[in-house]
Amino acid sequence: MESIIITIDGASSTGKSSLAKAIAKHYGFTHIDSGAMYRALTFYAQDKKLLNNRLFDVKTLISRLPTIDIDFSKNDEITLNGKTIEDEIRSMEVSNKVSIVAKEPRLRQFMVAKQRHLGAKGSVVMDGRDIGSVVFPNATIKFFLEASTEVRINRRHAELVEKGENVSVEEVHTNIEKRDHIDSNRDDSPLIVPENAIVLSNDKDGLMHIFTLATTEIDKHLT
Ligand code: DC
């Protein structure tokens, strides 16, 4: 069977990863959360004291790239040099800095190369901001997810609270608006609706609704 590439782009907390996971499970494809990769790099920079509120030593981070191994080898959980960091990358500390890391062109080049490499291994569903526009412009099927800011804030806040993080709705609101601004206005690969993408609204009907719409489109391609 030919390898299938499905891309799902959209702003943070629009439900991309939930949809990607459900599609991957349904068809037996691999799910790659590209946002988790940018988060892993941000976590590395914070852990190595290259990034804090005052400083971002991007030069040193770039020089370390050949020693940084980001993968999804352990039960599809993200690993950084072999260590699972699934919980660490979801913290507010990482969320507050990830867009600063993600706007650096040299760091994006490194990520895009990795994402293409991971996508060459078989059929994949990859979610992110530039997957249908830059990483895989010739993907089999492209989706773009939208949701209102209110729905996104509540979704993100509930996720963080469930993980035991002590965070207010206002903090989540500020973080989402700030990231939207940086992610949509950066020079390199800003968040856009990719050409030929199918736009899905994930406001009130929930995952099952968009899953049905998405699989109907994918099934049309597969049959
Ligand atoms: O999907 P997420 O919220 O976990 O993504 C975290 C950040 O990573 C997001 O604010 C922007 C960046 N990102 C990106 O620039 N390009 C991607 N393909 C995926 C994420």
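Read the numbers this way: they start at 1 and go in the same order the structure lists the ligands and their atoms.
The nearest heavy-atom contact from the protein to atom 10 (O) of ligand 1 is Asp183 OD2, 2.8 Å. For atom 4 (O) of ligand 1, the closest non-hydrogen atom on the protein side is Arg39 NE, 2.7 Å. In this structure, atom 6 (C) of ligand 1 lies nearest to the protein heavy atom Arg179 NH1, 3.5 Å. In terms of protein heavy-atom proximity, atom 20 (C) of ligand 1 is closest to Gly35 CA, 3.5 Å.
Looking at Gly10, Ser34, Ser13 and measuring to atom 19 (C) of ligand 1, the nearest heavy atom belongs to Ser34.
Numbered from 1 in the order shown, with element, the atoms of ligand 1 that lie under 4.0 Å from a heavy atom of Ser99 read 10 (O). Per-residue contacts place Gly128 under 4.0 angstrom from the following atoms of ligand 1 (heavy atoms of the residue considered): 18 (N), 19 (C). Close contacts of ligand 1 with Asp130, meaning ligand atoms under 4.0 Å from a residue heavy atom, involve 16 (N), 17 (C), 18 (N). Close contacts between ligand 1 and Arg186 involve ligand atoms 14 (C), 15 (O), 16 (N) [criterion: under 4.0 Å to a heavy atom]. Listed by atom number, the atoms of ligand 1 under 4.0 Å from Arg108 heavy atoms are 14 (C), 15 (O), 16 (N). Of all atoms in ligand 1, numbered sequentially from 1 with element shown, those under 4.0 Å from a heavy atom of Ala102 are 12 (C), 15 (O). Distances below 4.0 Å separate heavy atoms of Ser12 from the following atoms of ligand 1: 3 (O). Heavy-atom proximity to Lys16, at under 4.0 Å, picks out these atoms of ligand 1: 1 (O).
By the criterion of a heavy-atom distance under 4.0 Å, both the backbone and the side chain of Arg129 are placed next to ligand 1. At a 4.0 Å heavy-atom cut-off, ligand 1 touches Ile131 through the side chain alone.
Proximity of Met111 to ligand 1 is not established, as no heavy-atom distance is less than 4.0 Å. In this structure, Gln115 does not count as a contact residue of ligand 1, since none of its heavy atoms falls inside 4.0 Å of the ligand.
A salt bridge links Asp183 with Arg129; the closest basic N to acidic carboxylate O contact falls under 4.0 Å. In summary, Asp130 and Arg186 do not engage in a salt bridge, as defined by a charged side-chain N under 4.0 Å from a carboxylate O. Ion pairing between Arg155 and Glu159 fails under the 4.0 Å rule for side-chain N and carboxylate O. For the pair Arg152 and Glu177, the salt-bridge criterion is not met [side-chain N within less than 4.0 Å of a carboxylate O]. No salt bridge links Lys142 with Asp127; every basic N to acidic carboxylate O contact stays at or beyond 4.0 Å.
Distance CD1/Ile218 to CZ/Phe143: 4.5 Å, rounded to 0.5 Å.
There is no side-chain donor-acceptor pair under 3.5 Å between Asn52 and Lys97. When only modelled atom types and interatomic distance are considered, His221 and Glu217 share no side-chain donor-acceptor pair under 3.5 Å. Defined by atom type and a distance below 3.5 Å, a donor-acceptor pair is present between the side-chain atoms of Asp219 and Tyr27.
For Asp47 (side chain) and Phe43 (main-chain N/O), no donor-acceptor pair under 3.5 Å exists by modelled atom type. No donor-acceptor pair under 3.5 Å is formed between the side chain of Lys16 and the backbone N or O of Ile8.
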